[in-house]
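Worksheet: one structure, shown below.
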Amino acid sequence: MLLMAMATLFAFSAYAQGRVVTGTVTAEESGDPIPGVNVLIKGEGSGTITDIEGKYSLDVPSKDTRLVFTFIGLATEEVLVGGQSEINLTMKAEFTQLTEVVVTGYSEFNKKSLSGSIAVIDEKALENVPVATFDQMLQGQASGLYINAGSGQPGTAATIRIRGNGSILGGNDPLYIMDGVPIEADAFAAINPNDISSVNVLKDASSTALYGSRGANGVIVITTKQGKSGATRFNYSGQYGITEVGDWRYDMMNTEERLRYEEMTQRSNGWAYSPNNPNAPDDAAEKLAELKAIDTDWAEVATQLGRSQNHQLSMTGGKGGTSFYISGNYFQQDGVLLGSDLNRYSGRFNIKNDSFDRLKIDLNSYIGYSDLNYVPSEGLSVANPMVQSLNMPYQKPIDDDGNYTYGPLGQNPLEWRDHTSNSRGELKANVSLNAKLDVWNGIFVSGRLGLDYRNRKSNQWRDPEYRPGSGVSNGGEGLYSFNDYSFFSPILLGQIGYAKEFGKHKLAASINSELIQKTYSGHNYTGYGINGKLPNTPGGITQGDPDNGFIASVGGFKESNALLSYFLVGDYSYNEKYNLTFSLRRDASSKFGENNQWATLGAVGASWVVSDEDFFNSGLISFMKVRASYGVAGNQDDTDESIGSYQRYGVFQNTSGYAGTAGIVPASIANPDLKWETSAQFNLGVDVSAFNDRVSLAVDVYNNITSDLFLDQKLSYTSGQGELRINAGEMRNRGIEFVLNTTNVQIGDFKWTTSMNYSYNDNEIMDLGQVSQFENGTSLVEVGKPLGSHYSVGWGGVDPANGQPLYLTADGALTPTYSEDNSTTNWGTSNPPHIGGITNNMSYKGFDFSFFFSFQAGHKLFNNQLYFIENHNVPYNQTTRMLDMWQQPGDVTNIAAPGYAREFSSYDIEDGSFIKLKNVQLGYTLPSAIIGKTPFSSLRVYAQGQNLMTWTKFSGFDPEIGNNIAQFQYPIPRIYTMGIDLSF
Amino acid sequence: MKYKILTLALVVLLGACSDKLDLKPTDTIETSRAYQSFDDLEAGLAGAYSSASGTSAISTSSYQTDMTKMATGGRNIGVTQYNWNYNALGTGVEFTFGWATNYIAINGINLLLAGVESIVPSEEEMERHKQIKGEAIALRAYLHFELFRNYAESYTDGGKLVAPYMTESVISSPERLTVSAFVSQLEADIEEAKSLLAGYDPATPIYVSTSFLQALELKLALYQEDYTKVIAIADTLLGMYDIADIMEIGEVFDRAINSEAGVIFKFAIPDNGGRIGAIWQDSNGTVNFEVTQDFINKFSTDYVDVRQDINISEYDGLNVVGKYLGTDAAVGASDFFVFRAEEILLSRAEAYYYSGDEAKALADLNTLRTARLESYVAGSESGANLLQAIKTERAIELAFEGHRWFDIRRWGDDIIRVDVTAATTPKLLSGGDYRFVMPIPNHELLANTSMVQNPGYQTN
């Protein structure tokens, strides 16, 4: 494909020469020449671009030709060529926030006429961030957008929510659209963020209703970099740095502390060899000295200092209406836990042709491959390196004979690193091909073919000679497993539209049909009895039989679903002052039964640019717009996990059967009434700019009510199943969002701008159908409470008289008796109601400096880790807080005396609020006077730090755990890099 | 022209057609397609056997009695049952005593029976078609008996409540039937299955047969204290099955040998199926429940009892359950023994005793003891001693096979523990305590408005 496209390019360069116009484009503000301005021949789309000195030269067909000069951030200018052969132009700055084009996937809007609520994140926020996936870069960048990394393993997807959780069981991931094609959520490891030019977050019904049955959770629209025609320009950007584990927020005991603790609790070595122990053996002092000579910091053993590097080479150019963007990228990052890393290789080819008078064609194509080594577990498992840090400080990682040592966990992190393998190769391809043809007098037809493909091959290996392999249950001699998983989703979009301007009236409407298919398939095997001489290959597997116990397991699956939509979209604008938008659609999902396969969804929106009215006496306020929208969006669970492709069917499944006869058993009950969750969304917004646009503010309020929630109705087991997934209940999210952009200082060459956003979301469950509450893990889903409410017995402290732990009854009275019946929901929710971010940018001459904070507040997290690190009854090393335990009557402490059961209580629920200094960056751009003497057209060097500081009361490793319960999640790394951006 | 072609091509995109939405399950079988041929019935029956083989009776009879105690180094599984702390609200309580498991299996059988009715067999399939129906109904009866002995408020009072008796697959909110109504449906199923299975003599005791049905009928009669019926059925069965002798009994529980001596019915459980041994011990060796001294003390001190080595094994200094050791390749794997001739013999001994025929009761008891104790000289107990001897013998012979809890309940005896895990472990559950009747799970009460709880349990 690439070759073919290259051939096309060369063909275009053979165009004939005509009349030549030359000139220089300069900026009004500084008087400097502007490189990179698009100079286009109006109506043809062909053109050129200004060089480093702001100069251009262009062949024009006639003197009636009009040239269009465009540059991001500057007002577009149009000039009639006439008899001129030299056209010099001074371009003025433009109020960029309101003239940006906003891409929603199906259509492009001028931001000024928007009536919905859309947050635009431009490439600046995504450029050079030393993080593997783009999703994590969005944290704190837009109002209403919640992002929580969850894992520091490079390549792992973050948890993302737009305006809270709209569904209980039906998936809360937003829909992701890349260049018009839906892409899989939570699978971004193989996507190169450096190719992204902008990310738009669609939040309200009028923006998302275009996505009908999939837009209820909001939509994230990603646009990749497009070519600019003109002389071919190259850009290299590279960075190199280190990754390290952040602050260990809990302090594990060292040898001295551990032995003292053991003595205090009269347990284990510290007591056995204690001089205070009357039964101590004769050689106690010697033994104690031996232990004291060792002081292992297991946190250090289980972690590593890693590298991070990124190299991107891109080229862009084109001629005669054809432009292209080609990039190649290599990204590598080590994880901070032993043995984990990511390597990614990717390439992109985007080409656009509008040189024909009526036809526009563009192709965006991407292929990426990521190779990931991951830690064997990120959860509550002895294989998790974070858990292995609970080994004893008086235990050497490797003994004097060179053998791995095993502490209370029975596992050694170094052995896992050296004698197991967990890896994953992921291939991702995205293609979108678009064609638009003007038929007659404003009527056009267009079509889009797109595909999203991902293949993941994972394998695991356990060396039979070492403990992780000898502990394997099938034969105890290691294992090799392989898992192949594929996702394939083609889409087909057809559109007949009409767009025309009549004086001040602007009308656009289209009817569309769209078909989206998704197919998942996979297969796997696990073989046993590994030959130690054949590491990490399926060749090492021993053929199994009933005697050797090495019988391999095999499995696989396939599944597909489809969505078909017909929809009508209309926009009307009068003088860009009064704007109306409208959409209506019929959607059908193969997931839903014949009774409810089709749904009608839609939205209306309106906006009014008040400042354009004659009566508006601007004064300090230069711009003001009021927006409102209402609509109904749908959710059919795009994750396909909660509402599977065949959820509505009653089915039988295969079983191993009985005595050699294969069997079938019923597995589910049919629900032909299953249908969409629907979300009715109301949004009201105001955009204001003042003080010569130095201050701009956008405020949005919204009220979203999800109805027909996917819920499990309890059935009498006499019907053969305990539950049936149905539609019932209601949940509300309402909130307010602020975005404030200010230019604080602008004196001479010094400029300081601040961009702030803050969002408040209030979630409440209104109705659950059959029941008023149900338990869900450590939380209670209850009417009247927010989703994610922790459900626990209250902690009452420690009785100073006897060191006994006290709990609270449901009424709040102290009691020494622990009973789950006293559980309440007084402990807050795990979903933060307050989120936001603050970015500061400063520039002085060639220097630029920025720092960016993000915060999430008002939520609580269940710290399940405390059960293992603050518990007298487990054999693991403990935090130093345990040394404050109750020892004698009168001691006031929160740590009970030993000898009592360790129960889960509100002691384990902690404030999860945090502020993070996410990124600090200092850069220097060489001035054009100097760069002009080099072969380069621009050069910038920079140094940055990522995740530098976290302020929180949470005592787990990091409050960014991605969910409600801290279970030794992979910590988010701190990263320092230096980089260079070079154009030539 | 080329634009016209393009226009046409783009317009065609609009015509994406709706047959793309007609996607059927690929990895599962739509219920309407499950039973289409005679072979499907065999598959359904195999599924019915495997889903009917739940072993909650074994864990109940072990965790909740004096036979085993929680091991201190264990994973705390079964703690609620061990401490008699279970209630209607506990997590998973719908599975602990088989409420969900049994009804799920019954529903599968009812769907199979609907399939049986819908498929017209060919001439040569006729006989097997009838057998499949008989086997399905027999299993349905068995599963309902399991519900009966767990959830019936009383085994003998015809007016007390049991549970719904399901004979069709339907989403509904059925009421609990009375003991007499439930038992009469159960008996009707047994009778129908008997007539369908008449003359069917499976090659191995892993398939249900008329003997299975008789053994089930006998057990129901024993629970209902209909001793005449117990004796009559036992006479028939013991005429067909000899108990395993002193040499054979060890081989019955040795998975490598797999002797069928005295076995009337057992569920075949494959190596990779639910390993019964896991009720007490994890496959990595962790012991969760160990055998109590209370159980060891039941063994005769005068004779060597071959069952001592069968029932008790040593592991890591602990006495562990030895009946289900499995093989090296499949630790803890075992078939699930449901009816053995020894149970029939012991039931007849008990029936004779309660019918006042102590001599015959003693004779049956001695028959068994002779087959288990080395160089045994016939015993001569009478009266209360004889009854106690029968009970003790039943505890030893049928240990860890899912009987003891229900036997103690039937007898109205107390559970008295001496050897327990912790100072806080309860040691006495008095006969007739409400906890001998299992709680109707809260899930059922929420879902089924016709449902009522058993006495003593709190509901939410």
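Every chain is numbered from 1 and lettered A, B, ... according to where its sequence line falls, protein lines coming before strand lines.
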Gap between atom CG of B:Leu21 and atom CG of A:Leu563 - 0.5 Å precision: 8.0 Å
Chain B contact via A:Gln597 - which portion, at a heavy-atom distance below 4.5 Å: side chain
Spatial distance of atom CG (A:Leu715) from atom CD (B:Glu444) [nearest 0.5 Å]: 9.5 Å
Chain B contact via A:Phe557 - which portion, at a heavy-atom distance below 4.5 Å: both
Main-chain N/O of B:Asn448 paired with A:Ser716 side-chain donor or acceptor, under 3.5 Å: no
Any side-chain heavy-atom pair of B:Thr28 and A:Phe652 under 4.5 Å: no
Interatomic spacing from CZ in A:Phe774 to CG in B:Leu446 - rounded to 0.5 Å: 12.0 Å
Nearest atoms (heavy-atom pairs only) where A:Lys714 meets B:Ala447: O-CB, 3.3 Å
B:Leu147 side, atom CG; A:Thr718 side, atom OG1 - distance, nearest 0.5 Å: 10.5 Å
Option that, when pairs with chain B are counted at under 4.5 Å, heavy atom only, ranks first among A:Ser668, A:Gly549, A:Ala662: A:Ala662
Any side-chain heavy-atom pair of B:Ser50 and A:Ser656 under 4.5 Å: no
Chain B contact via A:Gln517 - side chain, backbone, both or neither, heavy atoms under 4.5 Å: side chain
Pairwise distance CD1(B:Ile104) to CD(A:Gln721) - rounded to 0.5 angstrom: 6.0 Å
Largest heavy-atom contact set with chain B, pairs under 4.5 Å, which of A:Ser645, A:Gly660, A:Ser560: A:Ser560
Proximal component of B:Tyr35, with respect to chain A [non-hydrogen, under 4.5 Å]: side chain
Top contributor to chain A contacts, counting heavy-atom pairs under 4.5 Å, from B:Ile171, B:Thr101, B:Leu112: B:Ile171
Minimum heavy-atom distance between B:Ala34 and A:Ile664, given as atom pair plus value: O-CD1, 3.9 Å
A:Ile551, part contacting chain B, at a heavy-atom distance under 4.5 Å: neither
Region of B:Glu94 in contact with chain A, defined by heavy-atom distances below 4.5 Å: side chain
Where B:Ser51 and A:Val665 come nearest, the two heavy atoms and their spacing: OG-CG1, 4.0 Å
Identified side chain to side chain contact (heavy atoms under 4.5 Å, CB included) counterpart of A:Pro666 within the set B:Thr31, B:Asn110, B:Leu111: B:Leu111
Engaged part of B:Thr26 at the chain A interface, taking heavy atoms whose separation is under 4.5 Å: both
Mutual orientation of the aromatic rings belonging to A:Tyr658 and B:Tyr49 [parallel < 30°, tilted 30-60°, perpendicular > 60°]: parallel
Whether over 12 other heavy atoms sit under 6.0 Å from A:Asp673 CG: yes
Most contacts with chain A, counted as non-hydrogen pairs under 4.5 angstrom, among B:Glu42, B:Lys24, B:Met166: B:Lys24
Heavy-atom proximity to chain A below 4.5 Å, by part of B:Asp40: backbone
Where A:Thr655 and B:Gly47 come nearest, the two heavy atoms and their spacing: OG1-CA, 4.5 Å
Separation of A:Glu820 CD from B:Leu89 CG (nearest 0.5 Å): 10.5 Å
Chain A contact via B:Pro25 - side chain, backbone, both or neither, heavy atoms under 4.5 Å: both
Chain A contact via B:Ile106 - which portion, at a heavy-atom distance below 4.5 Å: neither
Engaged part of B:Glu30 at the chain A interface, taking heavy atoms whose separation is under 4.5 Å: both
Neighbour count >12 (heavy atoms, 6.0 Å) for atom CD, B:Glu175: no
